[in-house]
Amino acid sequence: MSDTPEIPEPGPDGGLGEHPLTAARLARHQEILVGAGYPYRFERSDYAVELHARYGSLSPGEETDDRVTVAGRLMAVRKMGKLVFAVLQDATGRIQLFVDRRTLGDEGFAEFDELDIGDWVGASGVMITTKKGEVSVRIDDFELLAKALRPLPAKWHGLQDVEMRSRRRYLDLMVNEHARTVALTRARIVGELRRQFEARGYVEVETPVLLSQATGALARPFQTHHNALEQDMYLRIATELFLKRLVVGGMERVFEIGRIFRNEGIDATHNPEFTMLESYQAFADYNDIMDMVEEMIAAVALAAVGWTEITYQGKKLDLSPPYRRVRMVDLVAEAVGEPVGFDRPLSEMRDLADRHGLEPGSTWGHGKIIDQLFEELVADDIWEPTFVLDHPKETSPLAREHRDDPNLTERYELFIAGAEYANAFSELNDPLDQRARFEQQARARAGGDEEAHPIDEDFLLALEYGLPPTGGLGIGVDRLVMLLTDQHHIREVILFPTLRPEA
RNA sequence: GGGCCUGUAGCUCAAUAGGCAGAGCAGCGGACUUUUAAUCCGAAGGUCGUGGGUUCGAUUCCCACCGGGCCCA
C-alpha cells in the first residue's frame with residue numbers, strides 16, 4: 001500500500017537506539033539503508049591543502065567558475081538560516097563548504113540540514129572566498145558517504161583523556177592535530193631511514209619473528225606454542241644474529257626495520273612491542289658506523305622536521321655532526337674522580353661501586369661495575385649527541401675485542417638528551433671467541449644474573465663458516481621518533497600502544 | 001613491587017566538612033544569507049568506575065577490586 005518502505009526494527013545496535021545522542025543518527029542510517037544506500041566509491045578532485053594553496057590569494061568575496069569535488073569528515077556546522085558554513089576535514093586539512101539555499105535548492109538544503117558532525121561527506125561546487133576571505137567551496141551537490149552513528153568529542157577541548165586517546169586512536173587522530181602530525185612525522189622518519197640505507201647499497205630483509213630460542217640481546221621473551229610442531233616458541237628480542245647469518249651468506253650490507261618483543265615493564269620509554277632498526281656492513285668497523293650514524297641522524301632530522309637544531313623538552317639540541325666521541329672509562333673516571341682501570345684490584349672497584357650506591361652482584365667483574373657506574377652517574381646527564389665508546393668486554397658479548405685493549409670492545413652507544421639512541425660495534429667474528437663469550441654469559445646467568453645471553457649454537461655454526469669483518473648497528477626507532485617529535489612518552493609515538501583490556 | 005594522584009553528562013571540567021549533582025561545548029526545538037569555538041531564545045540530558053561496609057541517609061567517609069596517570073625500585 002504505502003510507497004515508503006518500512007524502517008526496520010532496530011536490530012542488535014549496541015544500544016545506539018536507546019541513547020538520545022545516537023538514536024536519531026541510527027534512525028537516519030537505517031532510513032538510508034532501506035532507501036538508496038551509501039555509495040561504494042567517490043571521485044574527489046582536490047585535497048583541502050591544495051585548494052588553500054591554489055586559492056589562498058583570492059581577495060575576500062571573490063568568486064571563480066572553477067569546479068572542484070572534495071570529500072572528508074564533517075567537523076563543524078554553522079547555521080545562519082538560509083546559509084550554512086560547514087567544515088570538511090580530509091587527510092590533508094580542512095576546507096569550508098559554503099552552503100546556501102539558492103545554490104543548492106530547497107530539497108538539497110533540507111537534506112544537508114540532516115547531516116551530523118562526524119559524517120563522511122563528498123561535495124561539489126565552485127571555488128569562492130567569503131566576505132571574510134575564507135577559501136570555500138560553494139556547493140551545488142553533495143553526497144553522504146558514511147554516517148557517524150556516535151558523536152565526536154567536543155570540538156574545542158578535543159579529546160584529552162590519555163587513556164581514551166590511546167585506546168581509540170581514531171578519535172585522537174580525528175580531533176587532535178598533533179596526533180596526526182606525530183603519526184605523519186614517524187612515517188617520514190622511517191621512510192628517510194630506508195632511503196639512507198638504500199642509498200648506501202644496503203638491502204632490506206625480513207628475518208623471523210617466531211623462534212625456538214630468543215637470542216641476540218638481554219631480555220625476557222614472550223612465549224607461545226606451535227601446535228603442529230608441538231613445541232614452545234618465542235617472539236624475537238633482537239634481529240642481530242639472523243642478520244649476521246645473512247652477512248655470512250654473502251649479503252654484505254643488510255638492514256631490517258622490524259618489530260621486537262620484550263616481555264618487560266611498560267613505562268614512558270618502554271612498550272612490549274617496539275620498532276628496531278638493525279644494519280650490518282661487511283668490511284666496516286665501528287668507526288665507519290659512527291660516521292654513518294651521525295650523517296643519518298642529521299639527514300633524518302632534516303627530512304622529518306626540516307632542521308638539525310631541534311627543541312626537546314624545552315631545550316635546544318643540535319643534531320648536526322660531528323658528535324662528541326668519548327670513552328666510557330674516561331667518563332666514569334671523571335664522574336667518580338679517580339681512575340677506574342682494569343689494573344685496579346676488583347675489591348677496590350667493588351668498594352667504589354658501593355660508595356656510589358650500587359650493590360654489586362657476586363658475578364660482577366670490573367667491566368660490569370664500570371658499565372653500571374656509567375648508567376648511574378653519567379648517562380642521564382649527557383645532553384648533546386655523544387658517542388660513548390669502548391664498552392667493557394664483560395657486558396658486550398657480541399662485540400669484537402678492542403684492537404688496543406683486551407678488556408674492552410669496539411662498541412659504542414649514542415646518547416642524546418640522557419637516553420640511548422644507537423648501539424653499534426665492530427662485530428665479533430671469531431667463532432671460538434664468540435663461544436667463550438657465550439659460556440661466560442651462561443656462567444653469569446647460572447650465578448643469578450638474569451640479564452645474560454643464552455648460547456645460540458646454530459648461530460655459532462654459521463660463524464664457523466666465516467663472518468667477514470663487519471660493522472653492526474641498532475637504532476631504537478620509537479625513541480628516535482620521540483626525540484624528533486618532542487614527545488616524552490612512547491605511547492605518543494606508537495599508534496596503538498599496549499594497554500590492559502578495558503574493564 | 002612501593003608511594004602519591006585520578007575515574008562525575010557524548011567531550012572538557014566544577015561542586016558537595018554526609019542531606020534533591022552544576023557549567024561550557026556537543027545533541028534536541030526555534031530565529032537568522034557571510035560564519036570561523038558564530039550569535040540569540042527554549043526545553044532536555046547522570047547507575048557520580050564496580051562491589052561491599054559505616055550511617056536515618058554515601059558521589060562525598062572506610063575496605064576491596066577494575067581502569068588510568070606521575071614518581072621511585
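This structure is a prediction, so every number in the text was calculated from the model and none was measured. All values below come from the heavy atoms of this structure, side chains included, with hydrogens, waters and symmetry mates left out. In what follows, every chain begins at residue 1, and chains take the letters A, B, ... in the order their sequences are listed.
The side chain of A/Leu21 has B/G10 as its nearest neighbour among B/U34, B/G10, B/G24. Distances were taken from every side-chain heavy atom of A/Glu163 (C-beta onward) to each of B/C11, B/G68, B/U34; the shortest belongs to B/G68. Nearest nucleotide to the A/Phe98 side chain, out of B/G68, B/U33, B/U34: B/U34. With distances taken from any side-chain atom of A/Asp116 to the nucleotides B/U34, B/C28, B/U33, the minimum falls on B/C28. Nearest to the side-chain atoms of A/Val162 among the listed nucleotides B/G69, B/U33, B/A26 stands B/G69. Out of B/C70, B/U33, B/U36, the shortest distance to the side chain of A/His489 is found at B/C70.
Under 4.0 angstrom from either OP1 or OP2 of B/G67 there lies at least one side-chain N or O belonging to A/Arg500. Side-chain N/O atoms of A/Arg491 include one lying less than 4.0 angstrom from OP1 or OP2 on B/G69. Look at A/Arg78 and you won't find any side-chain N or O under 4.0 angstrom from OP1 or OP2 of B/C32. Residue A/His19 has no polar side-chain atom (N or O) positioned under 4.0 Å from OP1 or OP2 of B/A9. Residue A/Arg138 places none of its side-chain N or O atoms closer than 4.0 Å to OP1 or OP2 of B/U33.
As judged by a 4.0 angstrom heavy-atom cut-off over every strand, A/Gly158 is placed among residues touching the sugar-phosphate backbone only. Residue contacts shown for A/Leu159 are limited to sugar-phosphate atoms, with no base heavy atom under 4.0 Å away. Residue contacts for A/His488: at a heavy-atom cut-off of 4.0 Å it reaches no nucleic acid atom on any strand shown. Within the 4.0 angstrom heavy-atom criterion, no nucleotide atom of any strand lies near A/Arg101. At the heavy-atom level, A/Leu152 lies nowhere under 4.0 Å from the strands shown.
Between the CE atom of A/Met164 and the C1' atom of B/G49 there is a distance of 12 Å, given to the nearest Å. One can place CG of A/Leu97 at 14 Å from C1' of B/U36, the figure rounded to the nearest angstrom. Regarding A/Gln96, its CD atom lies at a distance of 11 Å from the P atom of B/A38, rounded to whole Å. The interatomic distance linking A/Arg25 (CZ) with B/C28 (P) rounds to 8 Å, in whole Å. As a whole-Å value, the separation of A/Asp161 CG from B/G68 P is 11 Å. Going from atom NZ of A/Lys79 over to atom P of B/U34 covers 17 Å, rounded to whole Å.
Comparing the C1' positions of B/U6 and B/U60 gives an interatomic distance of 15 Å, to the nearest angstrom. The gap from the C1' atom of B/A38 to that of B/A26 amounts to 15 Å, rounded to the nearest Å. For the C1' atom pair drawn from B/U12 and B/A37, the interatomic distance equals 13 Å after rounding to whole Å.
Look at A/Arg44 and A/Asp90 and you find a salt bridge, because one of the NZ, NE, NH1 or NH2 atoms lies within 4.0 Å of a carboxylate O, short of that distance. Using a 4.0 Å cut-off between a side-chain N of Lys or Arg and a carboxylate O of Asp or Glu, A/Arg180 and A/Asp172 do not qualify as a salt bridge. Contact check on A/Glu348 versus A/Arg350 returns no salt bridge, with no Lys/Arg side-chain nitrogen under 4.0 Å from an Asp/Glu carboxylate oxygen. The pair A/Glu309-A/Lys316 fails the salt-bridge criterion, with no side-chain N (NZ, NE, NH1 or NH2) lying under 4.0 Å from an Asp/Glu carboxylate O.
Atoms CD1 and CD, on A/Ile95 and A/Glu134 in that order, are 7.0 Å from each other to the nearest 0.5 Å.
Under 3.5 Å, the side chain of A/Gln160 and the base of B/U12 form no donor-acceptor pair of N or O atoms.
Side chains of A/Val493 and A/Val182 form a contact here, defined as non-hydrogen atoms less than 4.5 Å apart.
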